[in-house]
Amino acid sequence: MGLSPLRLVASAIAALSAARLAVAAPSSNITLKADWTGGFPYGSTKVRGVNLGGWLVLEPWITPSLFEGTGNTAIVDEWTFGQLQSRSTALAKLQNHWNTWITEADFAAIAAAGLNHVRLPIGYWAWDVGPGEPYISGQLPYLRNAVTWASNHGLKLIIDLHGAPGSQNGFDNSGQKKSFPQWHSNSTNIARTNAVIKQIASEFASQFNVASIIAPLNEPAGFDGSDVLSAVTQYWYDSYGNIRFPDGTSQQSQTLVLLHDAFQPLSYWNGFQPPPTYQGVAMDTHIYQMFSQSNVALSNSDHISAACNEATNLVNFNNNGLWTIVGEWTPAMTDCAKYLNGRGVGARYDGSYPGSTKVGSCTGLTGSASSFSSAYKTFLRQSWEAQVITFEKASGWIQWTWKAESADDWSYQAGLAGGWIPQNPTNFQFPNICG
Ligand SMILES: *[C@@H]1O[C@H](CO)[C@@H](O)[C@H](O)[C@H]1NC(C)=O
Ligand SMILES: *[C@@H]1O[C@H](CO)[C@@H](O)[C@H](O)[C@H]1NC(C)=O
């Protein structure tokens with residue numbers, strides 16, 4: 001693919017950096033990184049946040065009722081939600097969901113829980129529905145409301161592009177479940193995504209004190225090979241230009257650019273977009289311990305150790321590369337939540353997932369917290385604390401997710417109510433859990 005957009009952006013940056021260097025004359029990359037001023041003191045204050053999953057991008061496991069209510073088992077993602085029922089029915093259900101799943105009261109509760117960030121997933125179809133695409137748009141007013149509500153309650157908001165044309169990972173949470181993603185292999189798809197990022201950057205640049213971060217693409221499928229990684233690498237350069245220089249001007253924005261590691265080890269990105277050439281770039285990494293047979297088979301104490309053992313990698317990259325935020329993680333340590341692996345797909349933990357081997361029964365491990373034993377709630381608290389303590393050794397964390405209809409093990413809101421998440425996120429019961 002052509003690298004001309006990169007060269008254009010790099011020359012604009014070089015001119016501006018030269019001016020900046022003359023003023024600041026910083027002595028090391030770390031100083032330069034810490035020098036960044038945007039809507040939040042990233043690097044000196046920990047990000048503590050929660051995702052607003054399943055609101056502006058549907059996920060079957062977060063709201064099973066929306067999918068079961070269709071009476072059609074072939075409706076497995078937002079694409080088929082629009083495709084396989086009448087448009088008026090789908091629109092009415094979506095509007096009701098958008099109006100009720102998250103309201104300003106949730107922002108108030110999130111702020112009251114001592115958090116400072118929300119990450120809001122949204123799909124490209126809020127801005128651009130192409131010919132033949134069954135997506136229904138209408139999410140943008142809710143994003144705008146969310147920015148207002150975040151402002152009202154002193155929260156920072158991350159605009160997270162969670163679905164790109166063609167799907168960047170084939171996951172249902174990209175909007176379209178596919179056996180192989182097609183975003184990276186189609187230049188029209190990538191161009192459309194860049195256009196969406198430009199629109200987001202342009203609209204929200206002046207509100208950087210609230211919408212302090214744009215995450216230009218969630219979880220591109222780097223595990224699918226070098227084609228994906230080269231497309232993503234170029235896209236990160238384009239996104240830097242699109243976000244840092246909104247409307248193609250030379251006036252730099254103060255919006256942090258949050259990349260995703262594309263499921264590569266953080267070390268893959270060593271030296272990527274370094275200061276002083278690039279300013280205000282951070283890395284998002286997602287840490288889950290339930291999406292393989294070996295992971296679900298770990299004992300509780302091995303899960304805790306695995307969480308604590310993430311510290312070395314996170315701290316290395318955070319201190320020597322880009323500020324590193326764990327933008328998705330959960331105290332849950334099984335894949336038992338209904339539809340977590342897709343609508344109609346079972347769980348590895350209880351052996352109902354194709355090819356898996358049963359570890360144990362899922363009863364009492366997900367669903368309503370009223371079924372959780374006190375020992376299980378203690379484990380969830382230990383899991384939560386081990387991860388928070390570890391992730392705060394880097395630049396912070398954003399739990400997945402605030403609410404889930406029938407998976408209290410994943411819900412921050414349920415954890416607050418059930419006592420396995422503290423009302424104040426610095427109040428640890430197991431401060432030495434990582435030794
Ligand atoms: C800053 O980082 C770049 C790229 O990683 C490296 O080439 C350069 O030597 C570093 N500069 C300092 C002062 O550490
Ligand atoms: C590329 O994606 C666009 C939609 O963004 C689609 O219209 C077009 O048919 C795709 N091209 C190929 C070769 O698949």
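Indexing begins at 1, ligand by ligand and atom by atom, following the structure's order.
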- prompt: So among Y235, W183, Y124, which one has a side-chain hydrogen bond (donor to acceptor under 3.5 Å, both in side chains) with T193?
  reply: W183

- prompt: Is it true that the side chains of D77 and T80 contain a donor and an acceptor less than 3.5 Å apart?
  reply: yes

task: Assess the side chains of T285 and D261: does a donor N or O sit below 3.5 Å from an acceptor N or O?
output: yes

Quick one: table the atom pairs, ligand 2 N or O against protein N or O, below 3.5 Å, distance rounded to 0.1 Å.
unit_1: ligand 2; atom_1: 2 (O); unit_2: N186; atom_2: OD1; d: 3.3
unit_1: ligand 2; atom_1: 2 (O); unit_2: N186; atom_2: ND2; d: 2.4
unit_1: ligand 2; atom_1: 2 (O); unit_2: N189; atom_2: OD1; d: 3.1
unit_1: ligand 2; atom_1: 5 (O); unit_2: N189; atom_2: OD1; d: 2.5
unit_1: ligand 2; atom_1: 5 (O); unit_2: R192; atom_2: NH1; d: 2.8
unit_1: ligand 2; atom_1: 11 (N); unit_2: N186; atom_2: ND2; d: 2.8

- prompt: Between N186 and R192, is any side-chain donor less than 3.5 angstrom from a side-chain acceptor?
  reply: no

task: Kindly check if the number of other-residue, nucleotide or ligand heavy atoms within 6.0 Å of NZ (K198) is above 12?
output: no

message: Aromatic contact between W329 and Y288, with the criterion being ring centroids under 6.0 Å apart: yes or no?
response: no

